[in-house]
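All remarks here apply to the structure that follows.
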Amino acid sequence: MATVEYQRIGKSFGAFTIMRDVSFKIEDHEFVVLLGPSGCGKTTLLRMTAGLETVSEGDLLIDGKRVNDMHPRDRSIAMVFQNYALYPTMKVYDNIAFSLEVAKVPAAEIRKKVEWAAATLNLTDYLGRYPKELSGGQRQRVAMGRAMVREAAVFLFDEPLSNLDAKLRAHMRTEIRQLHNRLRTTTIYVTHDQIEAMTMADKIVVMRAGKIEQIGSPDDVYDRPASKYVADFIGSSAINFLPGTVVVADGIPAVDTATGRVPLDKSTAAKPGQSVVIGLRPTDIQVDSAGPLAAKSVLVERLGHDAQLFCDGPDGRFVAVVDKAVRLSPGTDVRFSVPTSKVHVFDAATEARI
Ligand code: ATP
């Protein structure tokens, strides 16, 4: 078990600097997800942690010890890759046992560890099979078994579920998280899938173009996104954005948008006259005949338990999650309201949360 600490980490490939000033700490036992779009640097940060990539600037500490120049073998980390990297000519047992055999661990001890990992991962009946005789989820579990037997202090996962279909992905993410709850090994998990991040992480590190945009619990990043970028990235029905200007009407702060005047919480730090963008999550918007927002319905998309209502307004397309009983023909005028506590306000120029 270990802590991992990044102190002002930077990374350059030749003349290209792709990461700057990344600082944060991962506590012992924590499950941390590095989240961001393709190319933001999350895999590079993971590879630097593993020692597969050099650190250009700053200090990387594992359990308080600087490891910038330490060989990957000596870092007490185990990495699970996207493509599993199983040995195709070895049976499951040997795939899991391989690193222990290389380390010349006694055979009886190897057998004990492999059997423990296989039992934990429900692989006992598959130890005699070759990787090609396994499903994607089973192969994924073998890859995890290899990491487990090494008794590493830190597990690193690089998009481990991206080759699986949607149903198996959902299943494996609960398995990985359950495994973590049992083993409690400090884990760093890279993904661009915000649902994986929300469902698995103790702490999410949202990255953007080689920098950290926000660090927080899943609830923090969902309820209080630090920027428009984070608000847009998190949430499975994408958040609606409306540009506008802050006003004070009858002593109440509000934002005038082309779609309507949206009241703000009295405690808002937004200043009258300030150009802002407000973010409204589809699940926070209610159909309300007395509501301030006006748009025309386009389509109701039924999702079984509820429905998504797509509307067009002066600010463009607008989505609200509504009761599945809602029936609206296209072109119907609809009004909406949203509780003041659910209005996210961002500065129009800096896109930072106000
Ligand atoms: P993805 O989800 O697509 O893997 P990522 O967020 O993990 O994306 P990285 O793979 O860390 O991103 O890459 C970050 C940036 O560094 C990208 O712009 C990429 O092109 C660049 N990069 C990565 N490896 C190298 C390399 N060996 N040489 C030059 N540039 C590289």
Side-chain angles (χ1 to χ4, degrees), residues 4-24 26 30-60 62 67-69 71-72 75 77-85 136 139-140 143-144 147 154-166 168-170 172-173 176 186-201 203-216 218 221 225-236 238 351:
V4 179
E5 194 166 355
Y6 303 94
Q7 295 180 341
R8 313 209 65 177
I9 297 288
K11 177 68 185 170
S12 305
F13 290 105
F16 296 103
T17 299
I18 64 120
M19 192 176 296
R20 268 200 184 99
D21 209 14
V22 165
S23 297
F24 65 100
I26 298 170
E30 233 178 358
F31 194 119
V32 170
V33 172
L34 305 181
L35 176 69
S38 183
C40 71
K42 50 199 190 301
T43 297
T44 303
L45 191 59
L46 198 74
R47 288 174 58 81
M48 285 194 274
T49 314
L52 303 173
E53 201 68 75
T54 56
V55 175
S56 312
E57 304 240 353
D59 295 319
L60 176 54
I62 298 182
V67 297
N68 289 41
D69 306 314
H71 194 276
R75 293 189 185 200
I77 49 103
M79 188 148 170
V80 178
F81 294 94
Q82 181 174 0
N83 60 7
Y84 321 138
R139 277 180 222 166
Q140 178 56 53
M144 287 195 287
V154 185
F155 285 167
L156 307 179
F157 288 91
D158 189 7
E159 308 232 13
L161 306 184
S162 53
N163 292 339
L164 306 179
D165 66 47
L168 193 52
R169 260 205 320 263
M172 288 306 295
R173 72 176 187 243
I176 294 177
T186 307
T187 298
I188 312 176
Y189 186 106
V190 160
T191 184
H192 59 264
D193 181 342
Q194 60 92 22
I195 296 180
E196 274 174 34
M198 290 295 288
T199 53
M200 299 172 86
K203 190 156 87 184
I204 300 177
V205 178
V206 186
M207 294 184 68
R208 177 187 199 175
K211 287 192 177 158
I212 293 176
E213 191 81 0
Q214 185 170 5
I215 300 178
V221 295
S227 63
K228 187 170 171 252
Y229 172 87
V230 176
D232 202 19
F233 207 82
I234 304 274
S236 42
E351 301 194 345

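Ligands are counted one by one from 1 in listed order, and the atoms in each one are counted from 1 as well.
The nearest pair of heavy atoms linking I26 to K203 is CA-NZ, 4.4 Å. Of all the heavy atoms in A197 and P218, the pair that sits closest is O-CG, 4.3 Å. Taking every heavy atom of both residues into account, T49 and L45 meet most closely at OG1-O, 2.7 Å.
Between L35 and I234, the closest side-chain pair of non-hydrogen atoms falls below 4.5 Å. Here the side chains of R208 and V230 are not in contact, with every heavy-atom distance at 4.5 Å or above.
Residues lining ligand 1 at a heavy-atom distance below 4.0 Å are given as F13, I18, P37, S38, G39, C40, G41, K42, T43, T44, E159, ordered by chain and residue number.
Note on ring orientation: taking the six-membered ring where Trp is involved, the planes of F157 and F31 are parallel (angle under 30°, cut-offs 30° and 60°).
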